Amino acid sequence: MSVTALRAEGVSSMFDGADPKSLPDEVLEVRVLGYAAQITALTAEFLGLVAELDERQSWRGPGIHSLAHWLSWKAGIAPRTAHEQVRVAKALRELPVIRQHFSEGRLTYSKVRALTRVATPLREKELVNLALSCTASQLEKAVRAMRQIDQGYTDGGELVPPAESWARWKWNLDGSLSVSMTLTPLDGARFLAGTVRAEYERTRTMGDSDLPSVPRNTPGELETESGETDSEVKPANRRDLWRNVPSNIAVAVVAMADAVHEGIAMPELAPGAEILVHVGDGVERAHLDDGPALSEAEVEEAACGASLREALSRRVPGRPGKRALLGLGRKQRTPSKAMIRALFLRDRCCQTPGCERTRHLHAHHVVFWSNDGETELDNLILLCGSCHRALHRGEFSIKTHGRQRFTFHMPNGSAIEVSPTTRAPGLWSPDEQIAADATVPVGGGKLDLGYATEVIYAVWEWRERQASAIPAAA
């Protein structure tokens with residue numbers, strides 16, 4: 001595919017609504033690249049608007065905790081993606097060269113996202129030159145190497161302390177659980193030490209013949225007058241030594257979790273610390289609460305030694321097979337533990353549209369208790385602390401419609417949408433100034449990462465020396 005072919009396909013003709021199946025291969029490829037360039041230019045405009053919105057703070061409202069949160073709710077963008085877009089939008093304010101190439105469609109969002117992790121006004125010119133001749137994958141590798149160089153030591157040459165420990169988890173499509181952790185050196189050592197102890201205890205209780213015996217005085221250990229031992233025996237001959245950290249720590253980690261689960265007391269209501277399995281009538285297949293399905297064997301394993309909770313319930317009118325927990329009426333203001341548990345299973349998080357916080361939740365009476373509101377699930381809803389305060393300040397209101405259905409409203413009475421709809425703009429037209437081949441790398445080829453970073457850092461060091469010499473000469 002030639003550059004001539006790319007430029008021969010005019011911008012206007014790219015948007016003629018032709019069926020992709022009717023296009024020849026060359027034209028189809030040209031249009032894919034042309035659309036990519038238009039998307040890039042539009043993304044640059046979008047992030048410019050996001051940056052202005054951040055400056056004005058006009059996104060603030062009930063249940064909205066950040067601009068990324070607002071984007072996630074209003075624009076249908078995943079929270080993690082929204083946070084990254086806001087970060088990039090803020091960074092581009094101080095990077096005019098990158099911003100210009102981005103708006104021209106020459107630097108894709110993937111490249112700009114990578115550049116903003118290391119770019120400064122002093123560095124951006126060289127970084128743009130590198131980005132224009134690299135693929136997005138090559139640029140990611142170069143930026144990763146630069147971050148390691150930058151973050152390894154401070155400006156004074158001191159070693160930068162490691163980042164704080166963090167971990168993420170998710171249920172996979174096959175029902176397994178994936179956990180990804182990054183620990184500081186000390187936290188990592190604690191984790192591995194706990195794993196070794198858990199593996200020892202697990203194998204000890206299973207009667208593993210390979211386990212060492214309980215440490216005793218062995219030949220070569222001398223007992224002092226105080227009853228203490230003084231050992232001169234080599235470590236290899238000690239009977240109480242045991243194996244190192246197992247290569248597969250999964251079983252030991254589960255044993256460690258079991259020990260913590262059994263040994264640490266929790267509040268009566270702590271859904272995250274309980275193993276909750278949905279079974280029984282109306283449940284098509286047994287499954288973990290907000291998790292994957294379980295086999296009969298796994299259900300039996302979970303039930304072995306577990307305590308069961310029983311709650312009185314009533315049928316929901318007009319909904320066959322649906323049962324709801326009985327309320328407390330006007331006899332008691334504070335919901336019972338069983339009712340709080342049922343409320344959590346129903347709502348899961350703060351119910352203010354767009355909020356979705358899951359911690360520090362309050363059971364709120366929609367019709368206030370002081371206004372004869374009842375302690376029933378039809379009148380209770382979960383709100384986080386900040387949304388609960390906002391409601392009592394009059395920033396929004398809640399109406400109950402029976403059968404555990406609620407709506408949220410602004411002070412003027414307009415309804416707050418739970419999930420705002422998104423739609424394409426009607427007046428948009430393609431930018432004729434964006435070249436169809438704008439996103440195609442210039443030159444390209446194999447990236448010599450070591451040479452590239454060496455040259456770039458040499459230029460930056462020279463610039464810093466020149467900048468520091470100017471005031472001295474003046």
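Everything numeric in this text was worked out from a predicted model, so none of it was measured. Start at 1 with the first residue, then count along the sequence. When reading the values below, keep in mind they use all heavy atoms of this one structure, side chains included, and skip hydrogens, waters and symmetry mates.
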Q. Excluding sequence neighbours, so at least two apart, what forms salt bridge (charged side-chain N to carboxylate O under 4.0 Å, His left out) with Arg113?
A. none
Q: Give a yes or no answer on whether the side chain of Arg123 reaches the backbone of Trp460 with a donor-acceptor pair at less than 3.5 Å.
A: no
Q | Non-neighbouring partners of Arg93 that pass salt bridge (charged side-chain N to carboxylate O under 4.0 Å, His left out), sequence neighbours left out | A | Asp54, Glu55
Q.
Tell me if a side-chain donor or acceptor on Asp187 pairs with a main-chain N or O of Ser165 at a distance below 3.5 Å.
A. no
Q: Any chance you could lay out the side-chain contact (heavy atoms from CB on, under 4.5 Å) test for Tyr109 and Thr40, step after step, and finish with the verdict?
A: CA-CA 6 Å; Tyr109 174 69; Thr40 295; over 6 Å; no
Q. Would you say the side chain of Leu380 lies within less than 4.5 Å of the side chain of Pro335, judging by non-hydrogen atoms?
A. yes
Q.
Please check this pair: side chain of Asn371 against backbone of Gly373, looking for a donor-acceptor N/O pair closer than 3.5 Å.
A. no
Q) What pairs with Arg56 under salt bridge (charged side-chain N to carboxylate O under 4.0 Å, His left out), at least two apart in sequence or on another chain? A) Glu52
Q: For the pair Asp19 (side chain) and Lys21 (backbone), establish whether a donor and an acceptor sit closer than 3.5 Å, ignoring hydrogens and angles.
A: yes
(Q) Quick check: do Val366 and Lys399 have side-chain heavy atoms less than 4.5 Å from each other? (A) no
Q: Could you pull out the closest heavy-atom pair between Gly105 and Ile434, with the gap in Å?
A: N-CD1, 4.3 Å
(Q) Looking at every heavy atom in both Glu94 and Arg99, which two are closest together, and how far apart are they? (A) N-NH1, 4.4 Å
(Q) One pair to check against side-chain contact (heavy atoms from CB on, under 4.5 Å): Met410 and Ile416. What are the steps and the verdict? (A) CA-CA 7 Å; Met410 296 298 290; Ile416 302 176; 3.6 Å; yes
Q) Is the closest side-chain heavy-atom distance between Glu464 and Leu122 below 4.5 Å? A) yes
Q) Do the side chain of Asn379 and the main chain of Val367 share a donor and acceptor less than 3.5 angstrom apart? A) yes
Q: Begin from the C-alpha positions of Leu95 and Leu115 and carry the test side-chain contact (heavy atoms from CB on, under 4.5 Å) through to its verdict.
A: CA-CA 10 Å; Leu95 303 170; Leu115 289 177; over 6 Å; no
Q: Answer yes or no: is there a side-chain heavy-atom contact under 4.5 Å between Arg357 and Thr352?
A: no
Q: Give a yes or no answer on whether the side chain of Ser72 reaches the backbone of Ala82 with a donor-acceptor pair at less than 3.5 Å.
A: no
Q: Side-chain contact test, heavy atoms from C-beta onward, threshold under 4.5 Å: evaluate it for Val128 versus Gln100 and give yes or no.
A: no
**Q.** Aromatic ring pairing Trp169/Trp171, orientation class (parallel under 30°, perpendicular over 60°, tilted between)
**A.** perpendicular
Q. In a check of side chain to side chain contact (heavy atoms under 4.5 Å, CB included) between Ile381 and each of His365, Gln404, Gln351, which one passes?
A. Gln351
Q.
As an exercise, state the distance from CE of Met256 to CZ of Arg197, rounded to the nearest 0.5 Å.
A. 11.5 Å
(Q) So, taking the atom named CD1 in Ile77 and the one named CG in Leu71, what distance separates them when rounded to the nearest 0.5 Å? (A) 5.0 Å
Q: Flag the pair Val86 / Trp70 as yes when at least one side-chain heavy-atom distance between them is below 4.5 Å, and no otherwise.
A: no
Q: Please name the pair of heavy atoms, one in Glu124 and one in Val97, separated by the smallest distance, quoted to 0.1 Å.
A: OE1-N, 3.2 Å
Q | Test log, rule side-chain contact (heavy atoms from CB on, under 4.5 Å), inputs His364 and Phe368 | A | CA-CA 8 Å; His364 168 69; Phe368 295 171; 3.3 Å; yes
Q. Closest heavy-atom contact between Cys355 and His65?
A. SG-NE2, 3.0 Å
Q: Kindly write out the residues that satisfy side-chain hydrogen bond (donor to acceptor under 3.5 Å, both in side chains) with Arg393, not counting sequence neighbours, or none if the list is empty.
A: Glu395
Q. So, for Gln38 and Pro430, which heavy atoms are closest and what is the spacing to 0.1 Å?
A. OE1-CA, 3.6 Å
Q. Between Arg463 and Lys125, is any pair of side-chain heavy atoms under 4.5 Å apart?
A. yes
Q. Which pairs count as side chain to side chain donor-acceptor pair (under 3.5 Å) when at least one residue sits in residues 74-86, sequence neighbours excluded?
A. Glu84-Arg87
Q. Between Lys111 (side chain) and Cys134 (backbone), is there a donor-acceptor pair under 3.5 Å?
A. yes
Q. Looking at NE2 of His409 and OG of Ser414, how far apart are the two atoms once the value is rounded to the nearest 0.5 Å?
A. 9.0 Å
(Q) Does Trp166 have more than 12 heavy atoms from other residues, nucleotides or ligands lying within 6.0 Å of its CH2? (A) yes
Q | For Arg60, salt bridge (charged side-chain N to carboxylate O under 4.0 Å, His left out) partners two or more places apart | A | none
Q | Interatomic spacing from CG in Leu23 to CG in Asp16 - rounded to 0.5 Å | A | 7.5 Å
Q | Rounded distance (nearest 0.5 Å) linking atom CG of Leu28 with atom CG of Leu33 | A | 10.0 Å
**Q.** Exercise: identify the closest heavy-atom pair between Phe408 and Pro353
**A.** CG-CD, 3.5 Å
Q: Report the distance from atom CG of Leu377 to atom OG1 of Thr400, rounding to the nearest 0.5 Å.
A: 11.0 Å
Q) Considering only heavy atoms from C-beta outward, does the side chain of Met146 approach that of Leu130 to under 4.5 Å? A) yes
